[in-house]
Peer 1: 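Got a structure for you, questions after.
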Amino acid sequence: MTGLRGADILARALARAGARRIFSLSGNHIMPVYDAALEARLAITHVRHEGAAVHMADAWGRLTGVPGIALLTGGPGHANGVGALYTALAAESPMVMLSGHAPRSELGRGSFQEMAQADLAAPVTKASWTAQRAESLGEDIARAMRIARSGRPGPVHVSLPFDLLEAKVAEAAAVPDAAFQPVPQPLPDAAADAVLAEIARARKPLIVVGPVMASARAPRERLAAATGVPVICMESPRGVNDPCLGAFADVLKAADLIVLLGKQPDFTLRFGAAPAVDAACRFAVIDPDPEALARARKTLGADRIAAAAVADPAASTDALAARAGSRAGEAAWFAEVDAAVRYRPTEWAQVASSADGAVHPVEVGRAAQRLVDRSPASVLVVDGGEFGQWAQACVAAPTRIINGVAGSIGSGLPFALAARIARPDAPVVALMGDGTFGFHMAEFDTAARERLPFVAIVGNDACWNAEHQIQLRAYGRERAHGCELLPARYDQAVAALGGHGELVTRAADLPAALDRAAASGKAACVNVMIERLPAPVVSRVQAARAGAVH
Ligand SMILES: Cc1ncc(C[n+]2csc(CCOP(=O)(O)OP(=O)(O)O)c2C)c(N)n1
């Protein structure tokens, strides 16, 4: 290597920002960065589809707190990655997508893979731009890392014109350490006290947090203990009916104060309107984004907002917990909410699939839970349609990554690989539907190359069942078409790609198959033929009415 190139400045800045690993799919435009990664000691995980690289960077950001880096080539590579940014944006996940880009001197003249890349990524990122100078590529990286982690975290995109990466540069522009760091927005004491005063006045208060707080389990528990107020984390597009929140919808109706801590009163909260939320219920809104706060005011109506502040959810969680001292909340209300969230239909405990029939999703969940419980470090990944809902209702883990509020399926396998790299000693268990599994099945090749063992459990109902169920409900059985799949041997496909495969057609065989998969030391697929059931409805009110769950 002779002299300093733009690509070297970029790679050094990435290393300085704490990015040890890059998730990438190669291409002409970005090969200078691959070359520069050698000196900068950046490891590259080369994937089989750009969308997978973005999902992996997303999972990395969620698990490590350091923005994950996806490096894609220009034009079609960039376009393939953009769709996956949607999931990261909705999950409030800090990550940076770097895309190669046609050289500036050829723009507007039909350059190879020329495209308005920054424009394409803009709606699914917090910020999106094209780098302009080779000397300041370090500043671009610092800015991208800072924005990805500041306020409401999320994805950032930077396009990297090829001529900038190749340009010889005398010296890189100096970038101070602080430029890489998030800009803190603490909750002022007076604002914390105003929210705590509202809590003290309320009889049935709730604190609701969004996806960014999903991994902050201990701070959430501290906040609940200090304030005596139940803290609920919402990160599902099923919103108040998220089956992993049990019968939460039943108690939400009774709340008289909801503290929204970085959580927007969007479709997941039914816009804070009746009947999901009592019309007289008041809100305290803390949000890192002034625009989101203004939107909340409009959605809820200014007269329902008892307190409001611009501040980071994590900092606010700590500030509220510290200033609450140890307030005794309404113990009965706390217990009522806790019981509702823990509630699962009693029939589930008795579910036992017939000896030769397809396996009930509850039994898959039970077996998966045993696998997860073998280590407190286990990472649980859940993705998919109806099976994903069953899995979320039946399986829990201290560390969980789900496809999230985006409601976009397909990220599960990339999430599992990234989790395995981020937490090399943690068992990773991923549950997903058969349709979902197919999106990034080729990443089993990446797992084999990188030696990344994990267990994927496929709930195989030979159907895109979530959509099939919509057809059954809306149009009738005779008009349900186009959503069938084959009962494919995903286990054999995985074995062919260098992984371990197990086919399970009877519930009794599931525990041993999972044992063999976990012990294989390979990326494993346990392909379970399941009953084709609608997603669970976990409501005590509905259960009482119907007398049965399904
Ligand atoms: C990227 C994307 N494409 C399509 C959908 C619509 N969708 C939601 S669930 C689902 C079916 C998923 O099928 P599968 O993974 O087999 O799970 P099942 O519902 O059968 O349990 C589809 C197509 C989506 N949410 N995201």
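All values below were derived from every heavy atom in this structure, side-chain atoms included, with hydrogens, water molecules and symmetry-related copies excluded.
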Peer 1: Assess whether side-chain contact (heavy atoms from CB on, under 4.5 Å) is satisfied between Trp464 and Gln471, documenting all intermediate values.
Peer 2: CA-CA 11 Å; Trp464 301 91; Gln471 291 180 322; over 6 Å; no
Peer 1: I'd like to know if Asp177 pairs up with Arg16 as an ion pair, taking the criterion as any Lys NZ or Arg NE/NH1/NH2 lying under 4.0 Å from an Asp or Glu carboxylate oxygen.
Peer 2: yes
Peer 1: What closest approach, in Å, do Ala426 and Val379 show between heavy atoms, and which atom pair accounts for it?
Peer 2: CB-CG2, 4.2 Å
Peer 1: How long is the straight-line distance from NE2 of His360 back to CH2 of Trp348, given to the nearest 0.5 Å?
Peer 2: 8.5 Å
Peer 1: Where is the tightest heavy-atom contact between Ala118 and His157, given as atom of each residue plus distance?
Peer 2: CA-CD2, 4.0 Å
Peer 1: Got a second to check how far Leu245's CG is from Gln392's CD, nearest 0.5 Å?
Peer 2: 9.0 Å
Peer 1: Identify the two heavy atoms, one from Leu89 and one from Pro155, that lie closest to each other, and give their separation to 0.1 Å.
Peer 2: CA-CD, 3.5 Å
Peer 1: So, Glu198 and Arg304, do they make that salt bridge, N to O below 4.0 Å?
Peer 2: no
Peer 1: Sub-3.5 Å donor-acceptor pair from the side chain of Arg323 to the main-chain atoms of Asp193, do we have one?
Peer 2: no
Peer 1: Should His440 and Met56 count as side-chain neighbours, where that means a heavy-atom distance under 4.5 Å?
Peer 2: no
Peer 1: Taking only residues two or more places apart in sequence or in another chain, which ones pass side-chain contact (heavy atoms from CB on, under 4.5 Å) with Gln369?
Peer 2: Val372, Asp373, Val395, Ala396
Peer 1: To the closest 0.5 Å, what do you measure between CD1 (Ile457) and CD1 (Ile530)?
Peer 2: 11.5 Å
Peer 1: To the nearest 0.5 Å, how far apart are CD1 in Ile402 and CE in Met432?
Peer 2: 13.5 Å
Peer 1: So, Thr268 versus Lys263: side-chain donor-acceptor pair below 3.5 Å or not?
Peer 2: yes
Peer 1: Work out which heavy atom in Pro186 is nearest to a heavy atom in Ala311; give both atom names and the distance.
Peer 2: O-CB, 3.7 Å
Peer 1: To the nearest 0.5 Å, tell me how far Leu14 CG sits from Leu42 CG.
Peer 2: 6.0 Å
Peer 1: Could Arg217 and Glu221 be called an ion pair, given the rule that one side-chain N must be under 4.0 Å from one carboxylate O?
Peer 2: yes
Peer 1: Would you tell me whether Ser215 and Arg62 have side-chain atoms, one donor and one acceptor, within less than 3.5 Å of each other?
Peer 2: no
Peer 1: Would Asn403 and Ser408 count as a side-chain contact (heavy atoms from CB on, under 4.5 Å) here? Give the steps.
Peer 2: CA-CA 6 Å; Asn403 49 339; Ser408 177; 5.8 Å; no
Peer 1: Find out whether Val405 and Pro211 are in side-chain contact, i.e. whether some heavy atom of one side chain is under 4.5 Å from a heavy atom of the other.
Peer 2: yes
Peer 1: Mind checking the CD1-OG spacing from Ile207 to Ser316? Nearest 0.5 Å is all I need.
Peer 2: 10.5 Å
